[in-house]
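All heavy atoms count here, side chains included; hydrogens, waters and symmetry mates do not.
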Protein chains: 2
Amino acid sequence: MRRDTFQAIADPTRREILNMISAQPLNVNTVAGNFEISRTAVYKHLKILTECGLIKVKQHGRERYCEARLEKLAEVADWLEQYKKFWNSKLDNLEIYLKDIQSEEDNNDRRHQRY
Amino acid sequence: MRRDTFQAIADPTRREILNMISAQPLNVNTVAGNFEISRTAVYKHLKILTECGLIKVKQHGRERYCEARLEKLAEVADWLEQYKKFWNSKLDNLEIYLKDIQSEEDNNDRRHQRY
DNA sequence: AAGTTGCACAACCAAAAGGTTACATTTAAA
DNA sequence: TTTAAATGTAACCTTTTGGTTGTGCAACTT
């Protein structure tokens with residue numbers, strides 16, 4: 001089975017889990033308690049997230065705390081990077097501006113040809 | 001069936017299709033010709049991308065040109081935004097810096113507390 | 001007009017995804 | 001030392017996913 005970051009965040013439950021533990025680590029039952037689905041189902045999502053490196057688990061007695069490793073999301077951000085020029089938020093445009101400064105100096109018409 | 005941007009980009013073939021047509025629109029057969037899998041399989045991926053709004057199709061005679069609508073990816077970028085503080089690329093840090101300028105003026109120690 | 005090209009889609013299939021219940025195990029608490 | 005809590009996991013089920021082959025039709029070419 002595929003097991004990468006893109007696939008991991010494709011599921012809304014998994015995105016919610018990540019959001020839930022982004023502030024502070026939570027144990028398995030606490031995470032599961034916040035969903036309608038069974039503990040086992042949530043556990044499977046946690047397992048997938050762990051296998052993708054988006055979660056690290058730390059044992060405390062009989063409890064296991066799930067800690068988000070959101071650096072892993074940089075992989076997705078990097079992929080998006082190349083396409084940012086296709087939409088516009090103020091900050092995104094700033095990035096593009098900074099990246100293009102050099103090439104614009106070489107060829108002032110380039111942006112008009114490409115965008 | 002779920003049909004959102006996150007699910008759309010979860011598949012590597014679909015990401016490759018987006019990349020392929022990001023430069024210029026291509027017709028169905030041209031896209032399909034770049035993959036090992038059948039034309040029908042590629043067509044299904046194109047259909048999913050269309051249903052998600054990541055592609056617009058324009059008819060020219062008997063050919064249909066698939067045009068990438070990458071603005072749709074902003075949805076994913078927006079979701080990532082909240083987590084950017086967890087990793088560091090130079091530009092990402094620039095964003096955070098610019099966003100925090102105002103509050104830093106109010107409280108010079110804030111960045112040290114948070115990051 | 002006849003043939004060819006480009007595309008949509010039905011029908012089918014195997015595997016993966018997402019869920020369930022039931023049971024086993026480890027560790028804390030009474 | 002029983003009992004209860006927290007977790008792991010096996011076995012099973014249904015739906016979705018990603019793929020196939022085959023058919024049909026519309027629109028260019030010759």
Rounded to the nearest Å, what distance is computed from the CZ atom of residue B:F6 to the C1' atom of nucleotide D:dT17? 20 Å

Of C:dT20, D:dG18, C:dC9, the nucleotide closest to the side chain of B:K47 is C:dC9

By the definition side-chain contact (heavy atoms from CB on, under 4.5 Å), identify the one residue from B:T50, B:L49, B:V28 that meets it with B:V57. B:T50

Tell me whether the side-chain N/O atoms of A:S38 come closer than 4.0 Å to OP1 or OP2 in C:dG19. no

Phosphate OP1/OP2 of C:dA17 contacted by A:H45 side-chain N/O (<4.0 Å): no

Under 4.0 Å: is that the gap between some side-chain N or O of B:H60 and OP1 or OP2 of D:dC28? no

Within this structure, what is the CG-to-C1' distance between B:D11 and C:dA15, rounded to whole angstrom? 14 Å

Quick one: is B:R3 getting a side-chain N or O under 4.0 Å of the D:dT17 phosphate, OP1 or OP2? yes

For B:N27 and D:dC28, give me the distance from atom CG to atom P, rounded to whole Å. 13 Å

Given DNA chain C, 5'-ward residue of the pair A:T13 and A:G61, judged by closest heavy atom: A:T13

Do A:W79 and A:Y83 have their ring centres less than 6.0 Å from each other? yes

Between B:K44 and B:T30, which has a closest nucleotide on DNA chain C that is more 5'? B:T30

Nearest heavy-atom pair of A:E71 and B:W87: which atoms, and what distance? CA-CB, 3.9 Å

Using whole Å, report how far CD of B:E51 lies from P of D:dT16. 14 Å

I want to check something: taking the side chain as every heavy atom from C-beta on, are A:I55 and A:E67 in contact at a cut-off of under 4.5 Å? no

Check every atom of C:dG6, C:dG19, C:dC7 against the side chain of B:R39 and return the nucleotide holding the closest atom. C:dC7

Could you work out which one of C:dT20, D:dT20, C:dG18 sits closest to the side chain of A:I37? C:dT20

For C:dC9, does OP1 or OP2 lie under 4.0 Å from any side-chain N or O of B:Y43? yes

Close side-chain approach of A:L73 to A:I9, heavy-atom, < 4.5 Å: yes

Hey, does A:Q59 reach any base, or is it just sugar-phosphate, or nothing, if we go heavy atoms under 4.0 Å? nothing

Specify the closest pair of heavy atoms between A:N27 and A:Y65, including all atoms of both residues, with the distance to one decimal. N-CD2, 3.5 Å

Separation of D:dG18 atom C1' from B:F35 atom CZ, nearest Å, is 13 Å

Where the side chain of B:R62 is concerned, which of D:dC28, D:dA4, C:dC7 is the nearest nucleotide? D:dC28

In whole angstroms, how far is the P atom of C:dA15 from the CD atom of A:Q7? 18 Å

So what does A:E36 touch, heavy atoms closer than 4.0 Å: a base, only the sugar-phosphate, or nothing? nothing

Separation of C:dA17 C1' from A:D4 CG (nearest whole Å): 14 Å

Atom pair distance, as rounded to whole Å: CD in A:E63 and C1' in D:dG8: 15 Å

Counting only side-chain N and O atoms of B:N29, is one of them less than 4.0 Å from OP1 or OP2 of C:dC7? yes

